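The structure appears below as structure tokens.
Just so it is clear, the model here is predicted, and its values are computed rather than measured. Counting begins at 1 with the first residue of the sequence. What's counted below: heavy atoms across the whole structure, side chains too, no hydrogens, waters or symmetry copies. For ligands, and for the atoms within them, numbers begin at 1 and follow the listed sequence.
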Amino acid sequence: MKIHEYQAKDILAKYGVAIPRGEVANTLDEALEVAKQLFAEGAKGVVVKAQIHAGGRGKGGGVKVAKTVEEAEQYAKQILGMQLVTHQTGPQGQKVQRLLIEETAAIDRELYLGIVLDRAAAKLVFMASQAGGMEIEEVAARDPKAIHKVYIEPSVGFQAYQARELAFALGLKPTQIGDAVKFMMGLYKAYVDTDASLLEINPFITTKDDELFALDCKINFDDNAMFRHKDLRELRDVAEEDPLEVEASKYALNYIKLDGNIACMVNGAGLAMATMDIIQYAGGMPANFLDVGGGANQQQIEHAFEILLSDKNVQAVFINIFGGILRVDTLAQGVVQAAKNLKVKVPVVLRLEGTNVEEGRRILQESGLKFQVGATMKEAAELVVAAAKGAA
Ligand code: GDP
Ligand code: MN
């Protein structure tokens, strides 16, 4: 689960991590109010920041520094409601629904800090780099040595000596080391307490007065842990998510939209991966990943079908089911019902195996609808790729 920068900074503040003064604004009036307040309190400038879940906002024109209230108003007007395009949003961009207005900082250096789980090492890794501010992925690819890493022993946690090691690697002044250690300790505690899967401060800045601030913050949470964080779950902003994925999550369907034109409905994540592979092997492109789960019922199948077909790119549907707990006849009933309700126009190819497969095939046959059934996964994949090409 992703959250906005302003929400992530609220969390950091609770852990004693220094963030610039500021406030979120949902309307132009609110933005103006916050800007006025900050200038009245002595700010020399304010920064107007688009709040969307994607990064790269600065380059996309979603972060602007204003020297006066009037300028702040102008930028707020410009950014609020804009379709902000960054390298992470895709070409269609993301609509800006709210702004964060903050006091500007007198930046001396822009650095990078990040915590992420290294699955291969089975440890959290704390990263620091002097190449902050820019796209850290590029730095990692071009010059991996520019990113310093310490691995955290799960049983003992992040240690002060490790924070000092990173602080030295960042080339911080002796007078900044103590604060930097406190800062990093706060980040680590926030990461662990919230069951995060990623925490990044980019840029982590030093000021001309030797102060340290988190100027930007990105936190992702581990979805599998969100059941024990009611407060964090409330931070979810579904307006930032793909509408079809939001719809799928209501019915406990694991759906991820992709760019191809062959929709697939599969039970089991492993089979779903194999299905996507075999579609590509047969020369097609999957329109989605969808795992309806082991114990899907008829309603879930109908909803899944509906979601698949709401994707305008879809030219054919591939249903690949190995009946176990989800019996093939249940699946067939769901598919027939959905196909009738939705007046499906695109070709549907099925490959069915497992519990009650004969009953399932009979239901399809007697439905009067035109389904194609492949004898094997390979044959079905070839059928659906041909069908999609024919329809396109
Ligand atoms: P991102 O592009 O989505 O990662 O958004 P950031 O919050 O990182 O902002 C992008 C860039 O804007 C930063 O790297 C800074 O260079 C600049 N920026 C952000 N806040 C301030 C500020 O308070 N003062 C100044 N001068 N620049 C800022
Ligand atoms: Mn950033």
Q. Taking only heavy atoms of Gly56, which atoms of ligand 1 are found under 4.0 Å from at least one of them?
A. 1 (P), 2 (O), 3 (O)
Q.
Using a 4.0 Å cut-off to any heavy atom of Pro203, which atoms of ligand 1 qualify?
A. 8 (O), 13 (C), 14 (O)
Going by heavy-atom distance to [atom], choose the closest among [options].
atom                    : options                        : result
atom 23 (O) of ligand 1 : Ala105, Ala214, Gly22          : Ala105
atom 2 (O) of ligand 1  : Gly45, Cys217, Gly133, Gly58   : Gly58
atom 26 (N) of ligand 1 : Ile201, Leu215, Ile107, Ile205 : Ile107
atom 1 (P) of ligand 1  : Arg57, Glu5, Glu102, Lys49     : Arg57

Q: Look at the aromatic rings of Tyr251 and His303 and report parallel, tilted or perpendicular, splitting at 30° and 60°.
A: parallel
If the threshold is 4.0 Å, N to carboxylate O, is there a salt bridge linking [X] and [Y]?
X      : Y      : answer
Lys59  : Glu135 : yes
Arg236 : Glu241 : yes
Glu359 : Arg362 : yes
Lys145 : Asp143 : no

**Q.** atom 21 (C) of ligand 1 protein-contacted (non-hydrogen atom, under 4.0 angstrom)
**A.** yes
Q: Show all protein N/O/S atoms under 2.8 Å from the Mn ion (ligand 2), or state that there are none.
A: Asn202 O, Asp216 OD2
If you have a sec, work out which protein heavy atom is nearest [atom] and how many Å separate them, to one decimal?
atom                    : value
atom 16 (O) of ligand 1 : Glu110 OE2, 2.8 Å
atom 4 (O) of ligand 1  : Asp216 OD2, 3.1 Å
atom 9 (O) of ligand 1  : Val63 CG2, 3.9 Å

Q. Strictly under 6.0 Å, is that where the ring centroids of Tyr255 and Phe289 end up?
A. no
(Q) Less than 6.0 angstrom separating the ring centers of Phe183 and Phe204, yes or no? (A) yes
Q) Ile11 and Phe221: which non-hydrogen atoms are nearest, and at how many Å? A) CD1-CZ, 3.8 Å
Q. Looking only at heavy atoms, which two atoms of Glu5 and Arg57 are closest? And how far apart?
A. OE1-NH1, 2.8 Å
Q. So, is Val65 polar-close to ligand 1, with some N/O to N/O distance under 3.5 Å?
A. no
Q: Consider every N or O of Thr104 and every N or O of ligand 1, then say whether any pair is closer than 3.5 Å.
A: no
Q) Excluding sequence neighbours, so at least two apart, what forms side chain to side chain donor-acceptor pair (under 3.5 Å) with Glu102? A) Lys9
Q: Show the numbers, then the answer: is there a side-chain hydrogen bond (donor to acceptor under 3.5 Å, both in side chains) between Thr275 and Asn320?
A: CA-CA 7 Å; Thr275 303; Asn320 187 9; 3.0 Å; yes
Q: Check the side chains of Glu33 and Gln37 for a donor-acceptor pair under 3.5 angstrom, ignoring hydrogens and angles.
A: no
